[in-house]
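Here is the naming used below: chain letters follow the sequence lines, and residue numbers restart at 1 for every chain.
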There are 2 protein chains.
Amino acid sequence: MKCLTDSTEERIKEAAKMVFLEKGFDGTTTRDIAQAAGINSALMNYYFRSKEKLFQSIFNDVCTLMFKGMLELINQPISLRDKISKLMDHQFQMMMQNPNLTIFIMNELRLNPERLYGTIGMAKQVPESIFHQQIEDAIAQGIITPIDSHHILTMIIANIQFLFVSKPMTMLAQGLDEAGFNAFATRHMEYVKDMICEYLFKPEPVT
Amino acid sequence: MKCLTDSTEERIKEAAKMVFLEKGFDGTTTRDIAQAAGINSALMNYYFRSKEKLFQSIFNDVCTLMFKGMLELINQPISLRDKISKLMDHQFQMMMQNPNLTIFIMNELRLNPERLYGTIGMAKQVPESIFHQQIEDAIAQGIITPIDSHHILTMIIANIQFLFVSKPMTMLAQGLDEAGFNAFATRHMEYVKDMICEYLFKPEPVT
DNA sequence: AGAAAATTTAATCAATTGATCAAAACGCTT
DNA sequence: AAGCGTTTTGATCAATTGATTAAATTTTCT
């Protein structure tokens, strides 16, 4: 499907990632993957022992794609305002490139929570980072409203991610095409950026 | 599974709703449903012609459960502040009772968008309601920040719904049990209520 | 009660599923 | 070219899937 220089194993993973993301684990057959990869259906079992093992490999990759960039941003030594803005920008770009990344992860996780074992460490790192301390400091200095960092992170994530989780619904309800949705999403991101920052950074610290 | 006075058809629907919501369409077998309903597996085909037809029936019910209450609230002649608060409360209660209602709907819709045909009318009503006019009026009067009502509705929905969409992830990342999650969610709702209202209803209309 | 209709059951169907196997094709070293 | 390990192929397996059928049972109506 992509460049022909890829090894067979890599071609299988690429195809599997595509098909799994589109149809989910239960909706995907091993023959779907073989066809998408242009390989014999026995090769999937040759390189990865089973559909489940292949899925775990893909799922770890996808979770890493999801969290790695976020984690890096979260630990950057930049101002809170910048960090929040960049976190939201990063999610937005990531989701524009792969709109069903989040709903895929969340749904597979719901169907089978133990599947996060491979990436659970990464997920746990997110809340326990520099970000947390940064928030605490800002609160102590009276710069932002006193809220636990978990809630702030949830706000940052929810207001971007749900846009894409509900993309089909939004398009149907508002009668939008792809371009229309993108415009809506772009506008929305600016609004929620403002909303979150205005909520956290109160205009007048009443001293 | 519930009261034995229910008709067979109703027992099938109840069981199917439970199983479909838990496992999704692809992850559910007709025998799963039969077992959950305590009936012979041929009865599903007797009352509903196929798994697909049964699912459509369930999916319509579930979408109605999702949208009906929201629509009623949206069209109530109450103040914007009250309406926003009540809309969020309603979602919150609905999701506490059925935590995977939204992710189920969104994911099935993503896998098969034409499945909303049965409820598309309802989904389209949401944005084109009294709510829209109410927002426009409030903007014209300088009461709230000028934003299209679609964006406001998205904020109201996203900040509650994503909590539950990401429930397994949140529990794992923060190491919460059921009670811990509920406490987190309850706190979060108050925060986002404040956030949205503070963003919309600016403190000083600079006249 | 007794016939007719509706419901329920057990058995079974064809198709699809994930997975395995032996044989064939390939690539590398000698 | 010969030998050897790796990769690929086509065929096939047992299990499961959604669905159907005819017979058995229950309900309904007269």
Side-chain angles (χ1 to χ4, degrees), chain A residues 1-62 104 107-108 111-112 114-115 118, chain B residues 1-62 104 107-108 111-112 114-115 118:
Chain A
M1 203 54 67
K2 288 190 176 182
C3 58
L4 297 174
T5 65
D6 288 342
S7 71
T8 303
E9 188 171 339
E10 211 52 46
R11 281 175 65 194
I12 296 177
K13 285 194 74 170
E14 284 169 11
K17 181 183 167 187
M18 241 177 39
V19 182
F20 276 141
L21 266 168
E22 184 192 336
K23 302 186 174 186
F25 179 80
D26 291 327
T28 298
T29 71
T30 55
R31 287 170 177 82
D32 284 340
I33 298 173
Q35 190 181 3
I39 56 154
N40 185 285
S41 37
L43 280 179
M44 189 273 287
N45 293 92
Y46 178 76
Y47 284 101
F48 310 85
R49 300 180 45 82
S50 65
K51 178 190 174 188
E52 174 68 33
K53 291 258 172 55
L54 172 58
F55 181 81
Q56 281 173 12
S57 168
I58 301 294
F59 194 66
N60 282 347
D61 290 355
V62 168
F104 166 76
N107 193 57
E108 296 296 342
L111 296 176
N112 220 336
E114 57 267 29
R115 275 185 177 143
Chain B
M1 203 51 70
K2 290 192 175 182
C3 58
L4 297 174
T5 65
D6 287 343
S7 70
T8 302
E9 188 171 340
E10 211 51 45
R11 281 174 64 194
I12 296 177
K13 285 194 76 170
E14 285 169 10
K17 181 183 166 187
M18 242 176 41
V19 182
F20 276 141
L21 266 168
E22 185 192 335
K23 304 186 174 185
F25 180 80
D26 290 327
T28 298
T29 71
T30 55
R31 286 169 178 81
D32 285 340
I33 299 173
Q35 190 180 3
I39 56 152
N40 186 285
S41 37
L43 280 180
M44 189 274 287
N45 294 92
Y46 178 75
Y47 284 100
F48 309 85
R49 298 180 44 85
S50 66
K51 179 189 174 188
E52 175 69 33
K53 290 258 173 56
L54 171 58
F55 181 82
Q56 281 173 11
S57 168
I58 301 294
F59 194 67
N60 281 347
D61 290 356
V62 167
F104 166 76
N107 193 58
E108 296 296 341
L111 296 176
N112 218 336
E114 57 268 28
R115 276 186 176 140

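Note: CZ (B:Phe55) to P (D:dA19) measures 14 Å, nearest angstrom. Between A:Phe48 atom CZ and C:dA19 atom P there is a gap of 13 Å when expressed in whole angstrom units. Computed from coordinates, the A:Ile12 CD1 to D:dT7 P distance equals 11 Å when rounded to whole Å. If you measure from atom CD of B:Glu52 to atom P of D:dA19, you get 9 Å, rounded to the nearest angstrom. In this structure, the CE atom of B:Met44 is 15 Å from the P atom of C:dT9, given to the nearest Å. In this structure, CG of B:Asn40 is placed 15 Å from P of D:dG18, rounded to the nearest angstrom. When rounded to the nearest whole Å, the span between CZ of A:Arg11 and P of D:dT7 equals 15 Å. Atom CD1 of B:Ile39 and atom P of C:dT9 are 8 Å apart (whole Å).
Without hydrogens or angle criteria, B:Lys51 side chain to B:Phe25 main chain gives a donor-acceptor distance under 3.5 Å.
Distance from the side chain of A:Ser50 is smallest for C:dA19 among the nucleotides D:dT9, C:dA10, C:dA19. You'll find that the side chain of A:Thr30 is closest to C:dA19, out of C:dT9, C:dA19, C:dT20. Picking from D:dA19, D:dT9, C:dA6 the nucleotide with the shortest atom distance to the side chain of A:Leu43 gives D:dT9.
In this structure, CZ in B:Phe104 is found 8.5 Å from CD1 in B:Ile58, a value given to the nearest 0.5 Å. Rounded to the nearest 0.5 angstrom, B:Ile39 CD1 and B:Ile12 CD1 are separated by 3.5 Å. Atom CG in A:Leu54 sits 13.5 Å away from atom CZ in A:Arg49 (nearest 0.5 Å).
Looking at A:Lys13 and A:Asp61, a side-chain N of the basic residue comes within less than 4.0 Å of a carboxylate O on the acidic one, giving a salt bridge.
Contact annotation for A:Thr8: backbone-only contact, meaning every heavy-atom pair under 4.0 Å involves sugar-phosphate atoms and none involves a base.
Residue order along DNA chain C, read from the 5' end via each residue's closest nucleotide, puts A:Thr29 first among A:Thr29 and A:Arg49. If B:Tyr47 and A:Asn45 are placed on DNA chain C by their nearest nucleotide, the residue sitting closer to the 5' end is B:Tyr47. Nucleotides of DNA chain D nearest to A:Tyr46 and A:Ala42 differ in position, and the one nearer the 5' end is that of A:Tyr46. Toward the 5' end of DNA chain D, the nearer of the two residues B:Lys51 and A:Arg31, judged by each one's closest nucleotide, is A:Arg31.
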